[in-house]
There are 2 protein chains.
Amino acid sequence: MSIQARRERERAERERAIIAAARELAEAEGWDAVTTRRLAAEIEYSQPVLYSHFKGKGAIMAAVAVEGCADLADELAAARAAATGPRQAVAGIATAYAEFAERRPALYDAIFNLPTDLSFATQETPVELVRAFAELAQTLHPFAGDDNLETFTETFWSGLHGLVTLMRNGRLRREEHERRLAILVDRFTRLG
Amino acid sequence: MSIQARRERERAERERAIIAAARELAEAEGWDAVTTRRLAAEIEYSQPVLYSHFKGKGAIMAAVAVEGCADLADELAAARAAATGPRQAVAGIATAYAEFAERRPALYDAIFNLPTDLSFATQETPVELVRAFAELAQTLHPFAGDDNLETFTETFWSGLHGLVTLMRNGRLRREEHERRLAILVDRFTRLG
DNA sequence: GACCGAACTCTAGCACCGCTAGCCAAACTG
DNA sequence: CAGTTTGGCTAGCGGTGCTAGAGTTCGGTC
């Protein structure tokens, strides 16, 4: 059994290498630079090997996205934990979210923008993304009022998502970014 | 001079045909289906003709986007005109925006999502988009409070954009769409 | 230790993409 | 009618994601 075990171990390691290579390449040069040929060269195997691990390029990107969810969840959790009060918590988590999107645009794209196979808000949502969403929901809890917390959180989250994506695509004035964030936070932290 | 005039007329007509074909193809089958070869076949010319009109595929998409801006502006203006009060105007324009994005996803993508060469919030923004933005700003004017109207409008617009894009990519529960819209409108139409 | 069979990887290639060089024919000019 | 210019076309380049089938390596068995 040890031989088979070793093989499975090597195989798993190679799979990790593929995901890591895709992630690094995407973060360094954008997703356009992530081709199956470059990926294969990076892991020092031939192209078809990729397809013995993943159904296709989309599946690789989805795997990167799932991994990225963990990072996002961690950063949101840290921001929430560091806050001194409910309103500051919302402001902090919003800033953390925006900074994540700006610091790692390729990762953010993989999670939220690129059309991948992984579906959200359904049964098979990545558990790490659920965690990230829960951080947001926890933070917003005091301000949901009569609205359903999940729906309320989705709306706030959409606001954040819109801000970061529109700005990154050059559709918003960059210098007003913080003010926009402040407005969004302000509007979602009013009681009554 | 009439010969040259006819030529220019024919040339302009062909350019319109290219944009129309690209738009129809994109709306019918998505932007992935819009290839230069299919586009050339559609207008019954060879591929290189496209490049005598546009710098490349991106420029064609940008042209479609600019055209689409006019439609969006029209629909937003109509929604604003039909409203019976300031708050209803915001709700109406938000619904109109969301319906535009849902009814013509390819067009919406060309305008806001796909990385094109046209830049916004700068000098050479398409005039039609400025008009669409102005409709939003006018509608939101009564609710901006102390915030700068343009920045306030950008924030609300980002909320709308986030809602429609996340939902279309399967990141939000579709059945909660109207409730999310209502929450967004509610939060941006509170006075004081 | 030699061999066999299975597991696995690689080479080569498909159909497609955006884009362009260079030819050729048609149209205008004198 | 000859010459030139204009403009569309054919053909092809280098790239993409993906795959069929050949070839090699390696573990298990006699």
Side-chain angles (χ1 to χ4, degrees), chain A residues 1-19 21-23 25-26 28-65 106 109-110 114-118, chain B residues 1-19 21-23 25-26 28-65 106 109-110 114-118:
Chain A
M1 281 300 150
S2 143
I3 285 171
Q4 191 173 351
R6 193 211 63 218
R7 282 194 176 172
E8 282 178 15
R9 203 178 340 115
E10 288 174 349
R11 202 182 148 73
E13 196 159 332
R14 198 171 55 179
E15 190 156 319
R16 269 195 355 97
I18 293 171
I19 297 175
R23 176 179 179 150
L25 205 46
E29 306 183 34
W31 280 108
D32 282 349
V34 182
T35 69
T36 56
R37 282 171 177 79
R38 278 195 76 173
L39 223 43
E42 210 73 40
I43 63 168
E44 298 178 316
Y45 279 91
S46 68
Q47 275 179 288
V49 167
L50 301 174
Y51 294 87
S52 74
H53 287 271
F54 301 94
K55 210 182 73 184
K57 188 187 173 181
I60 298 177
M61 291 167 64
V64 173
D109 271 355
L114 300 174
T116 59
D117 311 337
L118 75 152
Chain B
M1 277 304 151
S2 143
I3 284 171
Q4 193 173 349
R6 192 210 66 215
R7 281 196 176 168
E8 282 177 15
R9 203 177 343 114
E10 288 174 352
R11 200 182 149 73
E13 196 160 332
R14 197 171 56 182
E15 190 156 318
R16 268 194 357 96
I18 294 172
I19 297 174
R23 177 180 178 148
L25 203 47
E29 305 182 35
W31 280 108
D32 283 349
V34 182
T35 70
T36 56
R37 282 170 177 81
R38 278 194 74 174
L39 223 42
E42 209 73 40
I43 62 168
E44 298 180 316
Y45 279 91
S46 67
Q47 272 180 291
V49 167
L50 301 174
Y51 294 88
S52 73
H53 287 271
F54 300 95
K55 214 182 72 185
K57 188 188 174 181
I60 297 176
M61 292 168 64
V64 173
D109 272 354
L114 300 173
T116 59
D117 311 337
L118 75 152

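It should be emphasised that the depicted structure is a prediction, and the values quoted were computed from it without experimental measurement. Here is how names work: the chains are called A, B, and so on, in the same order as the sequence lines, proteins then strands, and each is numbered from 1.
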A:Pro48 side-chain proximity, nearest of D:dT16, D:dT19, C:dA21:
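For A:Pro48, the side-chain atoms sit closest to D:dT19.
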
Of the listed nucleotides D:dT19, D:dT10, C:dG18, the one nearest the side chain of A:Tyr51
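Selected nucleotide: D:dT19.
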
Holding to side chain to side chain donor-acceptor pair (under 3.5 Å), I want the full list of residues that pass it with A:Asp109, two or more places apart in sequence or in another chain.
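By the side chain to side chain donor-acceptor pair (under 3.5 Å) rule, A:Asp109 matches A:Arg168.
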
For A:Arg14 and C:dT9, is the shortest distance between a side-chain N/O and OP1 or OP2 below 4.0 Å?
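So the side chain of A:Arg14 is within the cut-off, an N or O lying under 4.0 Å from OP1 or OP2 of C:dT9.
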
Closest approach of [X] and [Y], non-hydrogen atoms and distance?
X	Y	answer
A:Ala65	A:Ala110	CB-O, 3.4 Å
B:Ala106	B:Ala26	CB-O, 3.3 Å
B:Ala22	B:Val64	CB-CG2, 3.9 Å
A:Tyr51	A:Gly56	CE2-CA, 3.8 Å

Salt bridge (charged side-chain N to carboxylate O under 4.0 Å, His left out) with A:Arg14: which residues, sequence neighbours excluded?
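Partners of A:Arg14 by the salt bridge (charged side-chain N to carboxylate O under 4.0 Å, His left out) criterion come out as none, since no residue qualifies.
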
Taking atom [atom2] of [N] as reference, at what distance in whole Å does atom [atom1] of [X] sit?
X	N	atom1	atom2	result
B:Lys55	C:dC19	NZ	C1'	13 Å
A:Phe54	D:dG17	CZ	P	15 Å
B:Glu10	C:dA26	CD	C1'	14 Å
B:His53	D:dC9	NE2	P	11 Å
A:Asp32	C:dC17	CG	P	17 Å
A:Leu50	C:dT9	CG	C1'	12 Å

Of the residues in residues 36-45 of chain A, which ones touch DNA chain D at a heavy-atom distance under 4.0 Å?
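Correct list: A:Thr36, A:Arg37.
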
When we call it a touch if two heavy atoms are under 4.0 Å apart, what does B:Ser46 touch: a base, just sugar-phosphate, or nothing?
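The residue B:Ser46 makes base contact.
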
By nearest nucleotide on DNA chain D, pick out whichever of B:Arg11 and B:Gln47 is the more 5' one.
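Its nearest nucleotide lies further toward 5', so the answer is B:Arg11.
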
I need the full list of side-chain hydrogen bond (donor to acceptor under 3.5 Å, both in side chains) pairs touching residues 37-50 of chain A, with sequence neighbours left out, sorted by first then second residue.
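side-chain hydrogen bond (donor to acceptor under 3.5 Å, both in side chains) check on residues 37-50 of chain A returns A:Glu29-A:Arg38, A:Thr36-A:Gln47.
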
